[in-house]
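Structure record follows, encoded as structure tokens.
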Amino acid sequence: MKTHLILGTAGHIDHGKTSLIRALTGTDTDRLPEEKKRGITIEPGYAVLEIEEFRFGIVDVPGHEKFVRQMLSGATGMDLVMLVIAADDSVKRQTVEHFDILRLLNLSGGVIALTKCDLVERDWLELVIEEIRELVRGTFLAESAIVPVSSQTGAGLDELRSELLRVARQVQQTSSLADPSAPFRMAIDRVFTMEGHGTVVTGSVSSGSSIVGDRLEIQPGAIEARVREIQNHDLAVESIARGQRGAINLAGVHHAQIRRGQELCSIGHLRPARIISVNLVTLPGNARPLKDRQRVRFHVGTSEVLAGVRLLDRREVSPGDTVLAQLFLSEPVVAVWNQPFVIRSESPMETIGGGRVLHPNASRLRGVTEETLEMLGRLADANPRVRIESALYFDGLANHELGDLARIAGVAAADGIVSELVTNGDVVEISLTQQRSFFVHRRLVNRVAEQIAAWLEKYHQMDTLSAGVSRKILERHFAFLPAQSLFDLAMSELEEDERIQVTGELVSLAGHGPQLTANERKLLVQIVERLAAAGLEPPSIEELQKEASKARNSVPQLVQLAVDQGQLVRLDDKIYLHADTVEEIKGRLRNIMKNGAGITMSDLRQHLNTSRKYAIPLCEHLDEVGFTRREGDLRYLAGEPEA
């Protein structure tokens, strides 16, 4: 069984990339009439080359500086590269820019093809080889072979094939090339329609596999489609997998809905984002530093969008430096953890840096702390346990599935690691339903607890007469949390740490009681005594205010405080009874309604000698607290059967 790899080319215009591919494969990758007319590659072209156990899908990219965007599109998914340099021209400007891009894409291996060797003398050839060695010193191509070839005479082609085979075996040993459990993903580099077939998209498969009949989606856009047919280099096949070029005929989608830059993927795998957290490196040859909030052209996969750079710990980045940053994109793109990207200046368009995606679906980081930077840096760790923990730190309040960790942390089978993190207490499992949970980092639970404590502190400062706030009000304020159980957990931990006190339905910070002036303390006693004496015909709030000689504006808050302290009972917004009065009424009603006897509203008024004004809210209160139950026009003691 053949191992499939994507072999990309790179190099300056007219250095013989297309001619070399034609000599190796017999395929002319220049397919457009304009390319034939001008003799240059404008759009990426494709060919296939088989060498022993490997089948290379070759991507021939444009070399002209005007088509670097197309070159970046074609570079997506490369496993190894063939850097092409003409012996009669040596290293040129686009050679350097293409090579800078290859370094930013973090390729693991490649070959240097020195073309047009039949046109130069041996002495000149040695000078060119020396210049190439200087270019690649200290890079992933530092130890790569430089193979002199001639597309015209065929000289060196066998040596080039042998070197490609050697590097391919090396790449195969150092990379996990085929993970059958990985979600399917293919960045779309071309879309067209064929008569009798409909929409066709092409691209290089970067992960997973797909078969005819699969349902996939196109992102951004969440457009579902069915795989009708698959071709690999003009051959009809039943399936396609990572490392292969594919032309996929889709059913259920119009070609006008699709563009280069979108991706065809397993449903639910990719999620579009406008903010991406990254590890960013600038090229050492840049003429000027990269500044905070600078606009750049962001290239990832086959997409290109404008982006604003937000540096997290400095105002600018010197050439050659590496920093943590967030990119704010002009339109949504899809990416995954550790995916390489390139940034170019907005104008003039020059490559200035690139790096790796740390979090492909980030939220804006506000008030960046040392902890934030530490946890973001840990997303680049080689240890999947460290990455998962950090991903849950940044993504823990999102409504996610464990399967999302393949996208945000690069771990496809994360269940075991997450269970270990829960056992160790680094991560907390929060229940959404009986069947469904999500996981948050312990520090996020602590952060929610701090937010609750801060809100209570502010509440106490604003309402100095209150004994606390209703838990229901507090819950409504934190309704943005993904689950009630997360709020409950944070509250429990605050209570266990004795940072809050819960009295019935009231919540307050420990040690934060009502702060009353001398006049307010005196008035509170007067209000409670006045209502105790009033029995079943209590004064209203307005009447109590008129009776007060001082601090009358505080009467409503003092009445509520007495309710919170259990001295008064609220029947409705206007009627408050003393707690002893309510208990006396309950005692009288127990005697009247014992043995399952029921009474009407009229009976209750007569027994208590009160009016409907007070009887109706009293009955409703007794129903609400579960002292009585209503059956039609009769009320019974709760828990007792009817007589």
Contacts of S162 meeting side-chain contact (heavy atoms from CB on, under 4.5 Å) (sequence neighbours excluded), chain-then-number -> none
For the residue pair F99 and F140, categorise the inter-ring angle as parallel (less than 30°), tilted (30 to 60°) or perpendicular (more than 60°). parallel
Hits for salt bridge (charged side-chain N to carboxylate O under 4.0 Å, His left out) against E159, two or more places apart or cross-chain, chain-then-number order -> none
Hits for salt bridge (charged side-chain N to carboxylate O under 4.0 Å, His left out) against R166, two or more places apart or cross-chain, chain-then-number order -> E163
> Under 3.5 Å, is there a donor-acceptor pair between the side chain of N232 and the main chain of R245?
Replying inline: yes
Residues pairing under salt bridge (Lys or Arg N to Asp or Glu O under 4.0 Å) where one sits in residues 379-390, two or more places apart or in two chains, turn out to be R378-E389, R385-E389, R385-E420, R385-D426
Sequence neighbours excluded, the answer for side-chain contact (heavy atoms from CB on, under 4.5 Å) partners of T322 is N279, V281
Here the salt bridge (Lys or Arg N to Asp or Glu O under 4.0 Å) pairs for residues 317-335, sequence neighbours left out, are R259-E331
Hits for side-chain contact (heavy atoms from CB on, under 4.5 Å) against L165, two or more places apart or cross-chain, chain-then-number order -> I51, E52, E53, F54, R169
Residues passing the side-chain contact (heavy atoms from CB on, under 4.5 Å) test with V368, sequence neighbours excluded, are R310, L312, L365, T372, L373
For residues 113-130, the salt bridge (Lys or Arg N to Asp or Glu O under 4.0 Å) pairs (sequence neighbours left out) are R122-E126
With sequence neighbours left out, the residues meeting salt bridge (charged side-chain N to carboxylate O under 4.0 Å, His left out) with R288 are none
Legend entry - Check: L306 main-chain N/O paired with R297 side-chain donor or acceptor under 3.5 Å: no
For R137, the salt bridge (charged side-chain N to carboxylate O under 4.0 Å, His left out) test, sequence neighbours excluded, returns E134
Q. Would a distance-only check, ignoring hydrogens and angles, find a side-chain to backbone donor-acceptor pair under 3.5 Å from S345 to E350?
A. yes
So the salt bridge (Lys or Arg N to Asp or Glu O under 4.0 Å) pairs with at least one residue in residues 191-202 (sequence neighbours excluded) are none
